Amino acid sequence: MKNYIKYVIALSMILCQLHDVYTQIGFHNLLALELNEPNNPTAIAETENEYLVFGQYFDQEIGRWTSMFTRYTKQGEFIEVLTLTNDTTNFIEETPVILSNDYDYYAVANGPLNSMKLIEYQEDNPSINTYLSFDKKKDDFAPTSFSFDEQKENFFFSGRNLDLGPNNDQDIKLLRIGQLETKTFTIRNDDFIDRAMTILQDKDGNYITACTRKDKVTFSDKDDISQTYISIFDQDLNLVFYPDIGVESIQMSLGYGMLLDQYNNIIVTRYDRIFNEQLDAFVNHACIAKFDSSGQPLWKKIMGNNAGNTIGYGHWQSIIDSKEGDGYIVVGAQNRLDFEMDSAYIPTAAIAKLSYEGDSLWTRTYSFRDAKSSIVELFSDVILSEDGHYVACGQSQDSDYTTAVLPWVQSLILKMDSNGIYDTTSVSTIDGMSEEENCINISSTQNQSRIYFSQCTDKEANVVISSMSGQIIEKFTLPNSNHTHIL
């Protein structure tokens, strides 16, 4: 029998309220311009005066999905959405990377068939256009991420071949294009499915690629095990390092999150699939893995919503250096258990800090839901703003399409302080958590527009939050954790 601590909080909640910039450092915004125009962000960048969010937008005027750059002020106020209205391609996938050459900003968009485009945002005259266009079938290439060279004159793309053939032959493939001669490089392997997911240039001028491998025999099985490994190339795409996979690799499913830290170590993110006997199924455990500068594995840590780091249902997406230079900041989603349905895990947007050794320092989850368990919220990217605060973008999506309120997916942008908290009027209540073995701290802001549930117990906690009229606003279970849930 599980031991539960149950708290019923009767508070009238005013969610998603923006505070005056002079009294409130953080901000929160959900983009819903038109009810029939869903939008989904993948990456965020900061210009001199604005924040840019890149992703996809269903433009009702042209009747299809297209790429978008959304502009926000430094106070989180929406300015405009810029889309490729003059392009006939239905863009359905955007890479979670924005790169800048100090004047313009670039991101990659993928079409469903053969089109791939490098999208350019011009800051001086805010507009977007197609900078480069590729024929994926002709080039036999499907990109996943990209990087600049030192002079920011050439683009280096990571990905896989497109012509899979009858044996589903997916191989690592890189593409260089720009002022240097266009060049590709492919690592063939007939026995496995390999992809180069991310690419970054290191301090030595080499290109680091984080790659993933699956066994062809189990590729159709979503519960198969993946290996993550590092490959290194020089500027001419000559192979510098390729590992002995199984010895110099780490078991985990690789996403798009990748960081080269100040020591040139390589950190990647996503999840590991671990079998859960109680559920009789594989479950995603959010994890981070670290390699040294030569591509040798250092450690893998499950980092989630409990103190022992043995549970971390969810996944991590983007990773950056912490403001203090003493660890890393990751964003993604952490899954909470709906205690009325033991198998229902509710993803909520999450940000966490870990040390260089992979120890969990703190975790914050954010919820803007209306008590519907079908709503999925996650962060896809995060940056450290010039003012020393974290700004994350992500999505709030209703996965129940039969009852979804349009738009069923919306862009979420959130600005937080260096402790991962965006309502700074209550920072002291979080930092002042008791060091006792079983502490529960429930507090709200002065105007009661935010609720903080902070927990460092050795038991699971059932939480029910109700309005004054008795309507359930939130209900969830959290494991024993050093964790803050913010509503």
Side-chain angles (χ1 to χ4, degrees), residues 93 95-97 99 106 108-118 132-149 153-202 204-220 224 226-250 253-256 258 260 266 268 270 291 294-295:
E93 181 182 0
T95 55
V97 178
L99 294 180
Y106 301 90
V108 172
N110 274 306
L113 298 175
N114 299 327
S115 179
M116 177 184 86
K117 295 184 183 297
L118 186 64
L132 289 174
S133 183
F134 308 89
D135 187 324
K136 293 192 292 184
K137 185 174 182 180
K138 177 182 177 182
D139 297 327
D140 186 25
F141 183 65
T144 52
S145 188
F146 73 114
S147 181
F148 278 132
D149 60 8
E153 297 174 345
N154 298 279
F155 295 94
F156 289 75
F157 295 86
S158 61
R160 62 172 175 84
N161 62 314
L162 186 68
D163 186 10
L164 305 182
N167 298 319
N168 197 27
D169 295 325
Q170 296 186 26
D171 299 308
I172 291 172
K173 191 165 186 176
L174 304 182
L175 169 67
R176 182 189 70 192
I177 191 167
Q179 291 194 1
L180 294 175
E181 178 187 3
T182 299
K183 187 175 181 180
T184 62
F185 182 89
T186 303
I187 300 179
R188 298 289 184 186
N189 192 313
D190 295 332
D191 299 323
F192 299 96
I193 296 169
D194 292 274
R195 297 178 182 179
M197 295 296 293
T198 54
I199 183 168
L200 290 173
Q201 188 181 41
D202 68 11
D204 299 324
N206 290 324
Y207 288 87
I208 311 296
T209 60
C211 308
T212 183
R213 165 171 289 188
K214 293 184 179 181
D215 193 316
K216 283 186 180 180
V217 176
T218 59
F219 182 68
S220 61
D224 66 327
S226 299
Q227 293 290 325
T228 290
Y229 60 96
I230 302 299
S231 297
I232 304 176
F233 303 81
D234 64 18
Q235 186 165 322
D236 291 324
L237 298 186
N238 297 310
L239 187 61
V240 175
F241 170 76
Y242 189 78
D244 178 2
I245 300 175
V247 178
E248 298 172 301
S249 61
I250 290 177
S253 178
L254 179 64
Y256 295 107
M258 180 181 179
L260 298 182
I266 307 155
V268 296
R270 201 179 185 194
F291 298 79
S294 65

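Model, not experiment: these values are computed from the prediction.
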Quiz prompt | For Ile230 against Pro243, the heavy-atom pair lying closest together | solution = O-CD, 3.3 Å
Quiz item: Are Val240 and Phe233 side-chain neighbours, meaning at least one heavy-atom pair lies under 4.5 Å?
Solution: no
Exercise. Evaluate the side-chain proximity of Arg195 to Thr144: yes if any heavy-atom separation is below 4.5 Å, no if none is.
Key: no
Quiz item: Does the ring center of Tyr229 lie less than 6.0 Å from the ring center of Phe291?
Solution: no
Self-check item: Side-chain heavy-atom pair Arg270, Thr212 within 4.5 angstrom cut-off
Solution: no
Quiz prompt | Rounded distance (nearest 0.5 Å) linking atom CZ of Phe185 with atom CG of Leu239 | solution = 5.0 Å
Quiz prompt | Val97 and Phe146, any side-chain heavy atoms less than 4.5 Å apart | solution = yes
Quiz item: Which heavy atom of Phe156 sits nearest a heavy atom of Tyr207, and at what distance?
Solution: CE1-OH, 3.2 Å
Quiz prompt | Considering all heavy atoms, the nearest Ser231-Tyr242 contact | solution = OG-CD1, 3.3 Å
Practice problem: Verify the distance criterion only: is there a donor paired with an acceptor across the side chains of Ser145 and Ser158 at less than 3.5 Å? | Solution: no
Quiz item: Under a 4.5 Å cut-off applied to non-hydrogen side-chain atoms, are Ile187 and Asp171 in contact?
Solution: no
Quiz item: What distance do Leu174 atom CG and Ser147 atom OG have between them, rounded to the nearest 0.5 Å?
Solution: 11.5 Å
Quiz item: Got a second to check how far Thr209's OG1 is from Lys173's NZ, nearest 0.5 Å?
Solution: 15.0 Å
Quiz prompt | Short side-chain to backbone donor-acceptor contact, Asp204 and Asn206, under 3.5 Å | solution = no
Quiz prompt | Gap separating the OG atom of Ser294 from the CG atom of Asp202, nearest 0.5 angstrom | solution = 11.0 Å
Quiz item: Atom CE in Met116, atom CZ in Phe141: separation rounded to 0.5 Å?
Solution: 6.0 Å
Quiz item: Between Arg176 and Asp236, what is the shortest heavy-atom contact and its length?
Solution: NH1-OD1, 3.2 Å
Quiz item: Atom CD1 in Ile245, atom CD1 in Ile250: separation rounded to 0.5 Å?
Solution: 12.5 Å
Quiz prompt | Where Gly255 and Met197 come nearest, the two heavy atoms and their spacing | solution = O-CB, 3.8 Å
Self-check item: From Val108, Leu118, Ile199, residue fulfilling side chain to side chain contact (heavy atoms under 4.5 Å, CB included) relative to Pro143
Solution: Val108
Self-check item: Pair Thr182-Leu175, side-chain contact (heavy atoms from CB on, under 4.5 Å): steps then yes or no
Solution: CA-CA 7 Å; Thr182 299; Leu175 169 67; 3.9 Å; yes
Quiz item: Do Gln235 and Leu180 have side-chain heavy atoms sitting under 4.5 Å apart?
Solution: yes
Quiz item: Ile266 and side chain to side chain contact (heavy atoms under 4.5 Å, CB included): which partner among Thr198, Leu260, Leu200?
Solution: Leu260
Practice problem: Kindly give the heavy-atom pair with the smallest separation between Ala210 and Val268, and that separation in Å. | Solution: CB-CG1, 3.8 Å
